[in-house]
Amino acid sequence: MDNSLDMQFSAGDKDLNYVGKRTKRPDGVDKVTGRARFGADTRLPGMLYGKILRSPHAHARIISIDTSKAEALGGVKAVVTRDDFEDRESEFVPAGEMMVNYRDMVRNIMAREKVLYDGHAVAAVAATSVSIAKKALKLIDVEYEILPHVIDVCDAMTPDAPVLHEDLITEGVDPVPTKGSNVAKRIEFKLGDVVKGFEQADEILEKTFDTKPVHQGYIEPHACLASCSESGSADLWCSTQGQYLVRAHCAKLMGMEISKLRVTPSEIGGGFGGKTVVFLEPVALALSRKTFRPVKMTMTRDEVFRATGPTSGANVRVKIGITNDGKITAAEAELKYQAGAFQGSSVQPGCMCAFAPYDLQNVDVVGWDVLTNRPKVAAYRAPGAPISEYAVECVLDELADRIGMDAVDLRLKNAAKEGTQTAYGPKLGPVGFVEVLQAVKSSDHFKAPLGANQGRGIGVGFWFNIGGETCVSMSVNEDGTLTLVTGSPDIGGSRASICNMAAEELGIDVEKINPIIADTSSLGFNFLSAGSRTTFACGMATIEAARNAIDNMRARVAQLWEVPVESVIWENGAARPASSNAGEFDPMTLPEIAKIAPKTGGPISGHAEINAQGAGPGFGAHMVDIEVDRETGHVKVLRYTVVQDAGKAIHPSYVEGQYQGGAVQCIGWALNEEYIYGDDGCLQNSGFLDYRIPLASDLPMIETIIVEVPNPNHPYGVRGVGETPIIPGLAAISNAISDATGLRMTALPMSPPKVLQALKQAQA
Amino acid sequence: MQYEAPETLAAAVELLAGTSGQARILAGGTDLLVQLHADMTDPDLLVDIKKIQELREITNVDGRFTIGAAITGAELGEHPDVKKIWPGVVEGLELIGSTQVQGRATIGGNLCNASPAADVVPALIAADAIVHVAGPAGRRQIAVEEFAIGPGKTSLAKDEIVVSLSFPPRGERASDAYLRFIPRTEMDIAVVGCGISLERDAHGICTQARVALGAVAARALLVPAAAAAIIGTSLDAAALDNLAAAASTACSPIDDKRGTIEFRTDVAGVLARRVAKIAYDRAG
C-alpha cells in the first residue's frame, strides 16, 4: 500500500459528494432488461456442448471406464476421463479464504482411483448438441467396486469408519499416526489458562451443537465456454469470483503457461464464496484441446447441489465459564468440521472467530478437519465462522439467563475493543463492537413488545476481512469521461462503490465514469472477490490510481502554465494554482485537460498495483423476533434487524443489501436448509424444491442499522461488509426460539418436525 | 418425439390408442416439462390437449359445476361463481406453484400426476367430485377418491383422457376449505394436506361432512371416521378432538425427506381441526 494515501474519513459526510451516497448502479439497467451476460450467455460459432457423467455411488473404486461406444456415437467429438488429466503434486495454494491442493483438485474435477461422493465427475463428453452429449453419457461403461461410505462427521472420526484416502495421515497430533484416517488435521488456538479460568467461574455451561452442510444457493449455476487454439493459447469465459485464480488453477491443471490462458469473467449470478474454485472449467478446456472447437458447459441445479461445494456441516462443543456479574473467565471449544471428499474445511477460521467478539484471558479452541463422502466444501460467506459463533452465542445466551443478566449487557461487558488480545494472534485496532451493541440497545426493535408464543433473540458475529493483491487502471478519455478498469468481479455492488470513490477523488460526476471488469490479459493480477476485500482493496487501488491520474493531469497543466508541478493543485475536479505565488491562471477542468491531451504528451491514465493491507475487522449483531406454532413446529420470522459496523458505507444501499442478504441466508440455514442423504449415501434433495432457501413471502423486511467506526487504514474508513452479516443470525434465531418456548434446540436446521418433536418431548 | 395438438377428444383418443410407444398427455406441462428436462421421462408421443374446447370450459347447470380438465389455477381463481360455492377446491388448486405456474397448471393435471401430496385432490375428494373420462369405448365416471391407485399411478387406461370434474349441487349453508402444511409459506409440496366439505343446519349443527387427507398415505384418503366425528355436532372442543384423533388414526405415512411419520400423523390432526373450523365458519 502507498503510505502517502491521505486518510479522509474524518472529513465527515458534509464534505463528501459521492462517498456515502446512493448513486445509480452501473450494472442496473442491463440486469433489469436481461441484457447482462452471465456465465451461460457466451456463444461462439462451431461450439460444442459438454456434459459430465457423474458417480451414482457415494464411495467406490473405479475398476474400468470404457468410452468406446460413446466415442462411436455420431456427433460426439471428444470424451475425457481421468487419463486426460496429468496427476499433480500435493501443493497447497490459497483460494479465497481457503487453501486448495492441486493433487486433490485434479481428483475433484475428474475422479481418479475412486469416486468419493454421489455426483463426483467420472467422464465428460463434447458433442454437437446437448441431447447427443447426454445420449453419449449413457453409453459410457464404468465398472465400480462399491465401498462402504461415511456421511456424518463424528462417524467419520471413529476408528472403524470407511477411509476415503488411505494415505491421509493426521497432521498436528502427537504421536504422528501410522495409519491413514479421515482426520486430516488438528489445530489449536490457546490464550492464557482455561483450567484456572474455569476455577474462577461461578457458572459453567457446556453444550454440543450440530450443523448441516448448506449451499450458498446462488441462482446462477456454474457455466463456462472454453476455446483452445492449435497455437497452445486458450480463451475461457466463465462465471467466477476470481478470473485470475481460475487462470492459475486451469493453467496448472492443463500444464499451460499462464500468459497463454485468457479468462474473461461474466456477470455473476451469485457466488457467496462458492465460485472461488473450478469445476467445469478445466474439463471444458480439456475437451476443447482435444477438438480445437469451443466447448460450452453448464451445470444443472442437480449438478450444482451434488458436485459443487457447500459449507461444512459440523459438530461443535462449547464450554464457557462466567462470574455472577457476567465476566467470562474461560472459554473452550472443540470444532469438528466436515471437509467433504478432500481435506481443507473452514475449521481454521471457525476456530479463530469462535470467541473473537470477546475480550478474554483464557481461551482454548481445538479444531478438526474431517473427510466424509460428500462434495468437497467451498467457501460460503465468512467460511467457518457462522458455525462456531452460533454455538458460542447460544451458550452465552443461556449463561446470561442463569445469572439473570440482559443478553446484550453480558456481551457489552465482555466486548472486544481496541487493544484486545485475540486468541488467534493479533491485538485489535479500532473496532466498532461496543458501538454496535449500543445501537442494538437503543433501537426501537429492542424495546418493542412481544406477543404470545413469540420470542426475541440476539447473536453477534466477528470476521477479519482481508485486503490483498489488486490492480486498477483508469483512462481519461478524449471527451472528459473516465473508463475505470478493475479485475474484481462485482459480487455485491463493488462497481458502484468503486465509482463513488473515483468520483470523489477526481471531483467529477460519478455518471461520467464507466467501470469494466477486465479479463486476465488486460490487467495485472487481482485476488478473488472474496473475504470482504473488494470495496476495501479495490477501493484503495482505485483511490491510488485516481491520485496517479490527477498527478499526471497536474503535470500536464504545470507544463502549460510553465510552473513547477507542486504549484498546481487538484480541487473540485480541476487543476488550480496552489496559491497566488504560482501565478494567475483559470482553473482547468478534467474535460479541458483531456481535450488537449494530444498536445501535452498524449493519452492520460492512472493506475495502481498494490497488496492492500490493514483491513479492519467487522462486528455485527442480529436481533430477531419469531413466533412458534406450537401445534406444527413452524417458526415464523416476524421482525429482523441487522446492526453492523461498516467502517464507512461508501454506497449505503449496497451495504444494506449485504446486511439483508446475510440475514436471509441465516434464516434459511437456521430453519430449513440441509443436505439430506439416504442410507445409500446419495443426496436426496438436489433441487430448490426440497432444499429450502427462504422465499420472499417467508421474510419480513430486514431492517438495517449501519454503524460507522472508521478503519484507520483506509482513506475513507472502509471495512469489509460482506461476511459478517451471515454470522450472527443462526444463534439469534435459536435464541429467539428458546425465548419463545423455553427450549434449547442444539441442532440445525430447526425445521418444523424437529421443533414439534422438541415441544412434545418437553411436554411429556 | 412426436408432438400433436388435436382439437377434438376423439382425435386425442385416437392418437393415444394408435401409438405403440409411450405417450404422455400435455396440459399445462408444469409437471411433465420438469420431468422431461430432468430426463425422468422420454415419451414417443406428446398429446397436447389444450386445444380441445370441452376441456377448457367451466359450466354451471342448476348449481352443478363442471370444470374442464385443462382449466388452470388462475382461471379457476378468477371464475365469478366457483370460488363462492367451492372455496376449498379453488384454494387447493391455487396453492400449487408460483403465479407463473398458476397460469399453466391445470386441475386435471394435478389429478393425473397422481402425487399423494397433490393439493387439489383432498379438496376434490371432500367435495365428492366425479371424474369424467373419455376413451375408445366412450365415456365413464370415476369417484375422485378412486382415481389415483398409488404414487404416480391412476386408474386410467393408456388411451383414456380426463375430460372434466363435476360437482354435486349444494345447500345454502355449506362450504369447504383446504389447508396444507409446508415448511415455508408457498412454492412447496404438502407435507400434509387436508380438505373438508360440510353442511350445517339453521342451528349450527353439522349435518353432512367429508374429510380428506393428502400426503399421509400412498394416495389421498377419504376419512369417513373423521367426518363422523363432527356430523351432528356444532364443532365443539370434544368433536374437534375426535376429528383430530380420527384424522391421525387414518394416516399411514412414510418417513421421507419432507417429513417423518410422527410429524405427518400429528399435523394431520392439527390441520383437520383448523380446516373444519374454516369450512364451518364459511358455511354459516
Side-chain angles (χ1 to χ4, degrees), chain A residues 51 54 130-131 133-135 137-138 212 300-303 629-637 664 667-668 670-679 682-700 749-761 763-764, chain B residues 1 30-31 34-42 95-101 115 117 119 179-194 215-216 240-241 243-244 247-248 253-275 277:
Chain A
K51 291 303 284 181
R54 297 185 180 279
V130 173
S131 60
K134 282 183 178 176
K135 252 183 217 153
L137 294 184
K138 291 180 185 156
K212 290 279 170 43
T300 62
R301 182 62 57 188
D302 174 75
E303 289 179 291
D629 182 335
R630 287 178 170 273
E631 291 183 324
T632 65
H634 188 266
V635 174
K636 184 179 181 189
V637 179
V664 172
I667 291 170
L671 295 181
N672 280 307
E673 291 180 41
E674 62 178 316
Y675 276 42
I676 301 169
Y677 283 88
D679 291 340
C682 293
L683 186 61
Q684 294 189 336
N685 60 332
S686 56
F688 280 137
L689 181 58
D690 286 304
Y691 183 90
R692 291 183 175 78
I693 63 173
L695 306 167
S697 55
D698 296 330
L699 305 166
M750 296 174 285
S751 56
K754 290 185 193 154
V755 174
L756 187 63
Q757 194 179 31
L759 286 163
K760 278 175 72 180
Q761 277 167 1
Q763 270 174 2
Chain B
M1 187 170 63
T30 55
D31 287 310
V34 174
Q35 292 167 13
L36 283 170
H37 282 299
D39 294 325
M40 290 160 67
T41 183
D42 187 16
L95 278 175
I96 300 166
S98 60
T99 303
Q100 292 94 324
V101 167
S115 162
D119 281 308
L179 284 179
R180 67 176 180 185
F181 181 83
I182 54 171
R184 295 179 296 191
T185 44
E186 58 178 330
M187 302 274 287
D188 215 327
I189 289 179
V191 181
V192 181
C194 179
V216 295
L240 290 172
D241 283 348
L243 167 71
S248 290
I254 52 168
D255 277 325
D256 71 2
K257 60 190 173 187
R258 297 192 181 123
T260 59
I261 291 170
E262 183 188 357
F263 182 75
R264 287 185 155 115
T265 306
D266 289 342
V267 172
V270 172
L271 288 191
R273 282 172 193 274
R274 294 181 182 180
V275 176
K277 279 193 258 185

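Everything quoted here is computed from the prediction, not taken from an experiment.
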> Between D256(B) and chain A, with a heavy-atom cut-off of 4.5 Å, which part of the residue counts as in contact: side chain, backbone, both or neither?
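For D256(B), no heavy atom lies under 4.5 Å from chain A.
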> Contact between S98(B) and V101(B) at the side-chain level, heavy atoms closer than 4.5 Å - yes or no?
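Counting from C-beta outward, S98(B) and V101(B) do come under 4.5 Å.
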> Once you round to the nearest 0.5 Å, how far does CD1 of I676(A) lie from CG of N685(A)?
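So the CD1 of I676(A) and the CG of N685(A) are separated by 4.0 Å.
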> Looking at CG of L695(A) and CZ of R184(B), how far apart are the two atoms once the value is rounded to the nearest 0.5 Å?
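Between L695(A) CG and R184(B) CZ, I get 4.0 Å after rounding to 0.5 Å.
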> Main chain of A215(B), side chain of R264(B): is a donor-acceptor contact present, judged purely on distance under 3.5 Å?
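Checking the backbone N and O of A215(B) against the side chain of R264(B), a donor-acceptor pair under 3.5 Å is found.
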> What part of D698(A) lies closer than 4.5 angstrom to a heavy atom of chain B: side chain, backbone, both or neither?
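Answer is both: backbone and side chain atoms of D698(A) are under 4.5 Å from chain B.
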> I'd like to know which of H634(A), R692(A), K760(A) tops the heavy-atom pair count under 4.5 Å against chain B.
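Maximum pair count with chain B is reached by R692(A).
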> Under a 4.5 Å heavy-atom cut-off, does chain B meet the side chain of Q757(A), its backbone, both or neither?
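For Q757(A), the contact with chain B is made by the side chain alone.
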> Between R301(A), Q684(A), E674(A), E631(A), which shows the greatest number of heavy-atom pairs under 4.5 Å with chain B?
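Top option by heavy-atom pairs under 4.5 Å: E631(A).
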> Between R274(B) and chain A, with a heavy-atom cut-off of 4.5 Å, which part of the residue counts as in contact: side chain, backbone, both or neither?
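Side chain of R274(B) only, per the 4.5 Å heavy-atom cut-off to chain A.
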> Where does L271(B) contact chain A at under 4.5 Å (heavy atoms): side chain, backbone, both or neither?
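Contact with chain A involves no heavy atom of L271(B) at all.
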> Is it true that R273(B) and D241(B) make a salt bridge, defined as a side-chain N closer than 4.0 Å to a carboxylate O?
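So R273(B) pairs with D241(B) through a salt bridge.
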> Below 4.5 Å from any heavy atom of chain B, which atoms of S751(A) appear? Answer side chain, backbone, both or neither.
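Neither the backbone nor the side chain of S751(A) comes within 4.5 Å of chain B.
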> Under 6.0 Å from the NZ atom of K754(A), do we count more than 12 heavy atoms belonging to anything else shown?
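Buried by this count: over 12 neighbours within 6.0 Å.
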> Donor-acceptor pair, distance only, cut-off 3.5 Å: does the side chain of R180(B) make one with the backbone of L95(B)?
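At least one qualifying donor-acceptor pair exists.
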> With a 4.5 angstrom heavy-atom cut-off, which part of L689(A) approaches chain B: side chain, backbone, both or neither?
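For L689(A), backbone and side chain are both near chain B.
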> Please classify the contact of K636(A) with chain B as side chain, backbone, both or neither, using a heavy-atom distance under 4.5 Å.
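Contact with chain B is absent: no heavy atom of K636(A) under 4.5 Å.
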> Check whether D188(B) gets within reach of chain A through its side chain, its backbone, both or neither, counting any heavy atom under 4.5 Å.
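Contact with chain A: backbone and side chain both.
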> Does a sphere of radius 6.0 Å around CG in D42(B) hold more than 12 heavy atoms from other residues, nucleotides or ligands, not counting ones at 6.0 Å or beyond?
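No.
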